[in-house]
Amino acid sequence: MEPGPPNWLLLFIGLLHFCKDLTNTNWRTFQHNLFMLTCVFFVFVGPCARVQSSYIIDNVGLTILPSSTVESGTNVTLQCKASISWDTVSEPTYHFKFTKNDVMFNSSDSREDTARYELFPARAVDSGSYGCHVTVRDKSKSSLDTVFTVVGLQQPVLGLNKTDVFESEEVVAHCSAPSEKGSLIFYFHQRFRSGDTQEVKRAMSEGNSLETRLTLRHIGDSFLYCDYEVLLAGRSNHSNEVQVSVKGMFITPVMNILPSPEVYEGDLIEVVCRVVGAHEDVYVFLIKDRKILKRMPVSLSHRFRPQEGDSGELVCKAEWKALQKETYQTITVKELISKPRLSVEPRDLFEGDLLTMTCSVSVYVPGRIQNNTLKYSIYKDHKEVKRGDVYSTTAQASKNGNYTCKVQASSSSNNFVKESKTLIVSAKVPVSKPSMNIVGGTLVLGKPFQLLCKSERGSLPITYTLYVPKGHRGLDEVVANPGEIAIFNATVAKRSELNNFLCHAKNHQKLAPKVATGIQLEASTTIIEPVSKPVLTSTPSVEEITEQHDVTLFCSVLRGSPPVTFTWYNAETRVAIASQMSHKLRGSYVINDVGTQHNGGYYCVCTNPANETMHSDVITIAVKMAGWKKALIAIVCLLLLVALILVIAFKRHLIGFKRKRTAELSVKSAGTKIERLSLTQSEVTNMANATPSMMGKSVWSEHVSGSESENENSVAAPKSPELEYAEVQTKQVDPSRPPVKKGTDTTYSEVRHSRQGVPEPADSQASVEYAELNHDAEPPSGGGNHDDNAVQEAHQEETCADNSATGNDIGPGE
């Protein structure tokens, strides 16, 4: 018992019960009903929610019974069997498909694992590759393809509606293979007694038979048979042969031309065409140049007057059903006069010229045609414009058109008219004054450009010739076809050269050429002059550039069409530092607050719409120091010089002061009179020969009087007396004496003078005379006066200081 329907029924009943008691039940009853409905729902949904059964198609096989190769007419069964494995007790549903050459031709559903298809009986058309395809739910599997072959074709049968016929008469033939299936191709053959075979016809039929019409043209007895072909199966055997007898049909026509095949134009001739002893249903045709002149049964007669051009071949043709017989004969028509010829003068006709047309003929048979009987007429566009053989007028546009002439002639037997060929008259138009234009409307001086020379009116061909400046002649350009133009290549270096261009246009040999000048070219053309080499300058000049000022670099050109683009570059880096487009011939670039970092070379590059780039020469900028810095340095140097001078002056003053102070220490005078300490020559000699212990010892000669007063007076003196030095030459040393230690040969003496007019105390003033020989030996450490040594040391220190500071400042005699 299937679980599905009870579940649906229980669910439906539960829903009805739940809806009925929904409004009139308490909460406990509602809960009970809801629980029951839920149980019914799960009973229904349970089978659907279960996991589907598993299965697998193990194998699909196709079997052809009784065999995969059978004779034609055998009953054949195609059997497809599927083998599957599954986990449920219910049987699956199988979907079977049979295919032939991968095309399905049968399908079926079954609970069984086997499907069958029968071919009762099997024919050649059933041959092919068969396969079987099985589908169970969402899984499919196919069998291996099996080739099925039907051997042998049924022999066809031929039938004719009649066996005795005339040549070209049609016969109805019927060829059939009743047991075959599908589309067949039928072939019909005719076998002659000589043994030769000829295919008469072939045709395709959707069934197993074909009826068609055959035309037999071979006279005599022959045999007809047929066969057929099945695609992919081969060709059948011949059918039965049927003998037919084809009789000849004697309907060949006879043609006569009276009075003769050779006639003069306008003469009357008669053509007779007939079939002797023919059936009543035979028709005769008279044909010339594939045109039927006349058609009659059995026999015909046709009369006409041939004209010039009617010479040619006449055909007399007889027709009976599908049978035709022909006879040919040629006629020749001689001309009495030639065809008119219309001529025009002059041949090269221009508007304004005198136009003359003449119509003429040539008489070939003067005996039959008289010249005075010829009548001429001239026509324009099929309208008569002149009766006569000559027509004269002035050529103009209104006279252009298609002209012909006709000649009417009379002979002894006929009157006829001949017409000339059409003559097209079209007077040429004289060329108009040309105009010159620059192609593109723009030219660059110094570069090649194209110049167009064109006339608005004028018949072709027109020859244009360009004359360029300096007398040179350009190439000729011939415009022969519509749409062509005359273009010349030229080059100019200056604007004024455009005025010297000349263009000649000519299309008539007898007329002077039309001339165009280049005066208008300058006004109608955008002329671009390339820039000249630029010049780079600076303000201030490169020699006057100082730091912390602005420098303007001016780039200027003498020539060039605006706008001009100026670009400034650093010569070392070759990197553009500024660019400017100007409608003037000069551009500027300002370097603000110039410094040493701006030192180096600079150049500028100029270009304009001529697309030529020009470079200036390089200028070098060397930034100089600012003026205030120079002034400051000068002031500092001046101050240093002044300070140095002051230092030197102060030092000299200080040295003089020290000498005066030293002189005060050597005062020896006790009164106003200054005693002089003198070193005699002998004393100096003695000192030079003194022993080492005596070297360096000071010799003092002083007169002491009132030492206490002297000290007081010397201290109270407002100004120290001057200290003078005198150079004393020493006596030459006796060579016989032993040498002494090397020392200084110069001896200084100090003489103290008192002020003139100032009295000195006798007791406190003293004049000191000091003499010292400068030797390397140290003074003895022992004897001598202590005061004398102290004075001597002080005086030596001052003397050394003076020598180191002033050098030779003290001259002799001080």
Checklist outcome for this item: For residues 167-266, the disulfide (SG to SG under 2.5 Å) pairs (sequence neighbours left out) are C175-C226
Next on the checklist: As an exercise, state the distance from CD1 of I337 to CZ of R368, rounded to the nearest 0.5 Å.
Outcome noted: 12.5 Å
Checklist outcome for this item: On a heavy-atom basis, the closest approach of V344 and M357 is CG2-CG, 4.3 Å
Next on the checklist: If the threshold is 4.0 Å, N to carboxylate O, is there a salt bridge linking E270 and R303?
Outcome noted: yes
Checklist entry - Are E319 and R295 close enough, and set up right, to give a salt bridge (Lys or Arg N to Asp or Glu O under 4.0 Å), and what steps lead you there? => result CA-CA 11 Å; E319 182 183 49; R295 173 182 177 272; over 6 Å; no
Checklist entry - Which distance, rounded to the nearest 0.5 Å, do you find between the SG of C359 and the CG of L374? => result 10.0 Å
Next on the checklist: Quick one about Q154 and S179 (side-chain donor to acceptor, distance below 3.5 Å, no hydrogens or angles considered), yes or no?
Outcome noted: yes
Checklist outcome for this item: For S236 and L153, the nearest pair of non-hydrogen atoms, with its separation, is N-CD1, 3.5 Å
Next on the checklist: Closer than 4.0 angstrom, basic N to acidic O: yes or no for E170 and R213?
Outcome noted: yes
Next on the checklist: Tell me whether S338 contacts the main-chain N or O of S362 through its side chain, where contact means a donor paired with an acceptor under 3.5 Å.
Outcome noted: yes
Item to check | Nearest atoms (heavy-atom pairs only) where V134 meets I57 | outcome: O-CD1, 4.3 Å
Checklist entry - Any side-chain heavy atom of E308 within less than 4.5 Å of one from K334? => result no
Checklist entry - Q329 versus E313: any side-chain heavy-atom pair under 4.5 Å? => result no
Distance-only check: which donor-acceptor pairs under 3.5 Å involve side-chain atoms of residues 249-256, not counting sequence neighbours?
none

Item to check | From I287 atom CD1 to L293 atom CG, the distance as rounded to the nearest 0.5 Å | outcome: 8.5 Å
Item to check | Charged tip of R202 within 45° of F186 ring normal and under 6.0 Å | outcome: no
Checklist entry - Any chance the rings of H133 and F96 have centres within less than 6.0 Å? => result no
Checklist entry - Just how far is it from atom CG of L184 to atom CG of L210, taken to the nearest 0.5 Å? => result 9.5 Å
Next on the checklist: Quick test of your reading of the model: are R193 and D221 salt-bridged, counting only N-O distances below 4.0 Å?
Outcome noted: yes
Next on the checklist: Keeping K294 on the side-chain end and L300 on the backbone end, is there a donor-acceptor pair under 3.5 Å?
Outcome noted: no
Checklist entry - Distance under 6.0 Å and angle within 45° of the ring axis: does K201 meet both against F188? => result no
Item to check | Q307-D310 side chain donor-acceptor pair, cut-off 3.5 Å | outcome: no
Checklist entry - What closest approach, in Å, do C316 and V284 show between heavy atoms, and which atom pair accounts for it? => result SG-CG1, 3.7 Å
Next on the checklist: Can a donor-acceptor pair be found, under 3.5 Å and without considering hydrogens, that links the side chain of S205 to the backbone of S209?
Outcome noted: yes
Checklist entry - Are W320 and F166 close enough that their ring centers fall under 6.0 Å? => result yes
Next on the checklist: Looking at E335 and K418, is any side-chain nitrogen of the basic one under 4.0 Å from a carboxylate oxygen of the acidic one?
Outcome noted: yes
Checklist entry - How about E199 and Y187: does a side-chain donor come under 3.5 Å of a side-chain acceptor? => result no
Checklist entry - Would you say the side chain of V136 lies within less than 4.5 Å of the side chain of Y94, judging by non-hydrogen atoms? => result yes
Checklist entry - Would you call the rings of F98 and Y117 parallel, tilted or perpendicular, where under 30° means parallel and over 60° means perpendicular? => result tilted
Checklist entry - How close do V150 and A124 get, heavy atom to heavy atom, and via which atoms? => result CG1-N, 3.7 Å
Item to check | Within-4.5 Å side-chain heavy-atom neighbours: I462 and V478 | outcome: no
Checklist entry - Are any non-hydrogen side-chain atoms of P461 and V479 less than 4.5 angstrom apart? => result no
Checklist entry - Once you round to the nearest 0.5 Å, how far does CD of Q243 lie from CG of L160? => result 11.0 Å
Next on the checklist: Can you give me the closest heavy-atom contact between Q155 and N240, atom names plus distance?
Outcome noted: NE2-N, 4.4 Å
Checklist entry - Is there a donor-acceptor contact under 3.5 Å from the side chain of T422 to the main chain of N402? => result no
Next on the checklist: If you define the side chain from C-beta out and look only at heavy atoms, does anything of C132 sit under 4.5 Å from V60?
Outcome noted: yes
Item to check | E265/R305 salt bridge by N-O under 4.0 Å criterion | outcome: no
Next on the checklist: Evaluate R191 against E241 for salt bridge (Lys or Arg N to Asp or Glu O under 4.0 Å), listing each step before the verdict.
Outcome noted: CA-CA 9 Å; R191 183 174 63 83; E241 291 187 346; 2.7 Å; yes
Next on the checklist: I need the L158 CG to S176 OG distance, nearest 0.5 Å.
Outcome noted: 9.0 Å
Checklist entry - How about T330 and L314: do any of their side-chain heavy atoms sit closer than 4.5 Å? => result no
Next on the checklist: Could you check whether E262 and T332, counting side-chain N and O atoms only, form a donor-acceptor pair closer than 3.5 Å?
Outcome noted: no
Item to check | Test side-chain contact (heavy atoms from CB on, under 4.5 Å) applied to K162 and E169, step by step | outcome: CA-CA 11 Å; K162 53 185 176 180; E169 187 178 359; 2.5 Å; yes
Next on the checklist: Can you confirm whether the side chains of S420 and K406 place a donor and an acceptor under 3.5 Å from each other?
Outcome noted: no
Item to check | Ring centers of F105, Y130 separated by less than 6.0 Å | outcome: yes
Quick one: side chains of residues 69-83, donor-acceptor pairs under 3.5 Å with protein atoms, not counting sequence neighbours, listed by atom name and distance.
residue: S72; atom: OG; partner: R123; partner atom: NH1; Å: 3.0
residue: T74; atom: OG1; partner: E71; partner atom: O; Å: 2.8
residue: Q79; atom: OE1; partner: R116; partner atom: NE; Å: 3.4
residue: K81; atom: NZ; partner: D113; partner atom: OD2; Å: 3.0

Next on the checklist: With heavy-atom distances below 4.5 Å as the criterion, would you say the side chains of I84 and P92 are in contact?
Outcome noted: yes
